[in-house]
Amino acid sequence: MDFIFQCARLFLSALDPETAHLFTLRALRVLGQVRRANRPPGDTIEVAGLNFPNRVGLAAGFDKNGEAITGLNQLGFGFVEIGAVTPMPQSGNPKPRLFRLTNHRAVINRMGFNNEGVEALRERLRVTPEIKPTLLGVNLGINRDTPISKAKDDYLQCMRLLSDLVDYFTINISSPNTPKLRDLHGGARLSEMLKTLLEERDQLIVDQDRRLPLFVKVSPDLEPALVRELALCIREARCDGLVATNTTTARDGIRHRLSAQKGGLSGQPLFNKSIRTVEAVRDAVGADFPIIGVGGISNGSDAIAMRNAGADLIQVYTALVYEGPRLVDALVTALADS
Ligand SMILES: Cc1cc2nc3c(=O)[nH]c(=O)nc-3n(C[C@H](O)[C@H](O)[C@H](O)COP(=O)(O)O)c2cc1C
């Protein structure tokens, strides 16, 4: 099996990154038809009222339209976050908009929330075969031409249409590729918006009085004092947790001909920033508030370090591009053994 993955990786690395990604999603759709024999024993854990079969999730942006959920489940993830979805379909930024920085095991993207829109996602999820035991989250974005003062309406619309089909929501206020989205970090505007979203969420009771947890995903590019302020604002609003972090606009230490490309950098160079953000968040919110740690996790020891920094759960994206799907088992096993 490993040989097949090595060959696939060679083939994919010869394609432009976005085409390679489309091929990967197709392959995962096929894999979704096949039942997987063994899952590594996970470290089951309850977070925000949900029972996660293990601590390792797929980060948002990999499967924006929920096309390959069943195949991703077969890879061994404990949870998969699809999206970002926006109310209206949109094509995103002009191509090329995804760049590999192989020597840094990193990627720069300025996709710009390309997705088929919430109605199409709803329809696809309705007919997707049963995907348990993996939990399904959805990352919510806003349309490019939505003024930031109306962001909450976009989030609300997506919440209403997906509440009976997913296990949790992540409010994405941290993508660097949608103008002004990061202006939602902190202050009265964020508190007020989260209050409205949580009131709506409380109306969206799903089966057996279950309320859908609502997480907020934050940027790695904030000063520690601002991280603290933001984390407290999110906890005081009574959100269910926080996802740290999204991609960075910084390019510290990057030496690559593509480093000046606009967009968010992910992968190994992000790890230190993400882990520092998780530490600062944990310090601010205390022991019990759920944190999902994401950013540059590439192997078992990174996963353990992220956990030690305070993350209850972790997510990965970019390392999957470089390490292939065996990474998932390696992370699950490392965390279960630690
Ligand atoms: C191509 C690409 C698209 C992404 N799209 C989204 C997105 O739609 N919403 C979001 O919250 N994060 C998105 N992300 C950020 C990832 O979810 C993750 O936070 C970030 O890449 C750091 O993790 P990593 O270093 O393991 O990739 C995207 C990342 C990449 C590389």
Side-chain angles (χ1 to χ4, degrees), residues 16-22 24-25 56-66 72 77 79-86 90 92-93 95-101 104-118 121 137-144 154-155 158 168-178 181-182 184 215-221 242-250 261 263-275 277-278 291-299 302-303 306 311 313-323 327-328 331:
D16 85 83
E18 199 163 341
T19 311
H21 188 68
L22 291 177
T24 307
L25 279 177
V56 181
L58 177 70
F62 190 96
D63 187 5
K64 288 186 184 271
N65 297 304
L72 290 162
F77 285 111
F79 61 112
V80 168
E81 188 168 315
I82 56 173
V85 66
T86 57
Q90 59 180 29
N93 288 321
K95 295 178 188 173
R97 53 195 180 177
L98 183 59
F99 308 91
R100 284 190 212 107
L101 284 64
H104 288 289
R105 292 273 205 263
V107 160
I108 292 175
N109 93 83
R110 52 167 178 272
M111 304 301 284
F113 289 162
N114 56 309
N115 77 104
E116 294 172 357
V118 69
L121 179 61
V138 63
N139 185 277
L140 307 181
I142 67 170
N143 279 119
R144 189 177 180 85
D154 279 18
Y155 295 126
C158 294
Y168 73 85
F169 296 121
T170 299
I171 305 300
N172 179 0
I173 58 169
S174 48
S175 167
N177 301 314
T178 292
L181 191 68
R182 287 186 173 189
L184 290 173
F215 295 90
V216 180
K217 184 162 177 180
V218 304
S219 158
D221 298 325
L242 187 152
V243 185
T245 66
N246 214 311
T247 55
T248 176
T249 53
Q261 287 291 341
L265 177 81
S266 56
Q268 260 178 23
L270 176 59
F271 183 66
N272 285 339
K273 265 177 172 282
S274 295
I275 218 158
T277 306
V278 168
I291 301 175
I292 302 179
V294 49
I297 297 169
S298 316
N299 53 45
D302 291 348
M306 187 58 98
L313 302 166
I314 65 160
Q315 290 178 326
V316 284
Y317 183 156
T318 304
L320 266 187
V321 174
Y322 292 107
E323 306 300 329
L327 175 71
V328 185
L331 299 180

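Remember, it's 1-based here, ligands and their atoms both numbered in the order they're listed. Numbers here simply count residues along the sequence, with the first being 1.
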So for ligand 1, is G267 a polar contact partner (N or O within less than 3.5 Å, distance only)?
yes

Show me which atoms of ligand 1 lie under 4.0 Å from any heavy atom of G296.
24 (P), 25 (O), 26 (O)

Tell me which protein heavy atom sits closest to atom 13 (C) of ligand 1, plus the residue, atom name and distance to 0.1 Å.
A60 O, 3.3 Å

Residue and atom name of the nearest protein heavy atom (relative to atom 15 (C) of ligand 1), distance in Å to one decimal
N246 OD1, 3.4 Å

Nearest protein heavy-atom contact for atom 23 (O) of ligand 1: which residue, which atom, what distance?
V294 CG2, 3.4 Å

Quick one: does N172 get an N or O within less than 3.5 Å of an N or O on ligand 1?
yes

Given N139, L265, I292, V243, identify the one with the heavy atom nearest to atom 11 (O) of ligand 1.
N139

Nitrogen or oxygen of V107 less than 3.5 angstrom from that of ligand 1
no

Students should be able to answer this: which protein heavy-atom is nearest to atom 26 (O) of ligand 1, and at what distance?
Y317 N, 3.0 Å

Any N or O of T247 that comes nearer than 3.5 Å to an N or O of ligand 1?
no

Compute the shortest N/O to N/O distance between F113 and ligand 1 and return yes if it is under 3.5 Å, no if not.
no

Give me the nearest non-hydrogen protein atom to atom 31 (C) of ligand 1 as residue plus atom name, then the distance to 0.1 Å.
S266 OG, 3.6 Å

